[in-house]
> 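One structure follows; several queries about it will come next.
A, B, ... follow the sequence lines: proteins, then strands. Residue 1 opens every chain. The shown structure was predicted, so the numbers you read here are calculated from the model rather than taken from an experiment.
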Number of protein chains: 2
Amino acid sequence: MSDRDAPEFRLRLVFGPDAMIGPGKAELLERIRATGSIAAAGREMGMSYKRAWQLVETLNGMFREPLVERTRGGAKGGGAAITATGEAVIAEYRALEAQARNAGAPHAARLRGLLRDIPGRT
Amino acid sequence: MSDRDAPEFRLRLVFGPDAMIGPGKAELLERIRATGSIAAAGREMGMSYKRAWQLVETLNGMFREPLVERTRGGAKGGGAAITATGEAVIAEYRALEAQARNAGAPHAARLRGLLRDIPGRT
C-alpha cells in the first residue's frame, strides 16, 4: 500500500468454480514478466516451483490463449514470457482493482472510522 | 449472483494484520441478523459454533463498539443481535461492494471475453 492509512483492497473475480483471478495470480504474472522465469517469480512470492507452475497451468487453461509461454524447453529454470493475452489480463485486472478502490474509497473510509485503533496506524 | 454471466466480486478490505473484512464476515453478520443466533448463522454457512463465535469475537474486537451482542447469557443457542455499529458495518461493506462491482464492470466484462468457455456459461 502506498498510503499507510488506506486499506488494501483484495479483489477476487469468480467467473466459475475453476475460473477465478485475484491478487495472487496477478502478482505472479507480473513477477514472471519482471523476472522472465516462473521459478524466480514463485520464489519471490515464497511459493514452490510446483505451486507456481500449477498456477500458470490453471491460468493458461482458463483463457482462450495462454498467458505465459515457455521461451526455452527443459526443466526448472526455463525462461518464461507473458503473451499479449497475458498483458491484457494483467492490465484489465489492475484497472479493475484501481476502479474498485476509487469507487469504494468513501465506504472504506467510513469503515476505517469505525475501527478501533490499530497498531501501526497513525 | 443475480446474473449468471456476471462474475462474482469477492472483496476483502485489509486495514491491518488482524483487521480485515470480507464476504465471509459480512455474510455471517447478515445471517446473525436474520436468525438471531450465532449458532444458527454459523450452521447455515457450514461453520462450527466455535468458528462462528471466534469470528464474532474478532469482529467485536476490531471495531470501537461491538457489532454483535448476546441477548441472553448462557451456553450454545443464546440469542444474538446486531448492534447499530454492526448495521453500519454491514451497510458500508455492501455499499462498497456494489460500488466496486459497478465501477469494475467494464474491465470484468473484458476479462470474461478473454476466458475460454466455462461449463454452465451460456
> With a 4.5 Å cut-off on heavy-atom pairs, point out which of G22(A), P23(A), G61(A) contacts chain B the most.
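So the answer, after comparing G22(A), P23(A), G61(A), is G61(A).
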> Counting heavy-atom pairs under 4.5 Å to chain B, which of A103(A), P106(A), G104(A) comes out on top?
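The answer is A103(A).
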> If we define contacts as heavy-atom pairs under 4.5 Å, which of Q99(B), E65(B), E92(B) has the most with chain A?
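Between Q99(B), E65(B), E92(B), the count favours E92(B).
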> Looking at R33(A) and E87(A), is there a salt bridge between them, counting it only when a charged N and a carboxylate O are closer than 4.0 Å?
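Looking at R33(A) together with E87(A), the answer is yes, because their closest N to O distance falls below 4.0 Å.
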> In terms of heavy-atom pairs under 4.5 Å with chain A, which of I21(B), V89(B), D18(B), T85(B) leads?
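Answer, by heavy-atom pair count under 4.5 Å with chain A: V89(B).
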> Do the side chains of R94(A) and E30(A) get close enough for a salt bridge, i.e. N-O under 4.0 angstrom?
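Yes.
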> Taking 4.0 angstrom as the limit, do E8(A) and R12(B) come out as a salt bridge?
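A salt bridge is absent here (no side-chain N lies under 4.0 Å from a carboxylate O).
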> Mind running side chain to side chain contact (heavy atoms under 4.5 Å, CB included) on I82(B) and I32(B) for me, showing each step along the way?
CA-CA 7 Å; I82(B) 300 296; I32(B) 291 169; 3.9 Å; yes
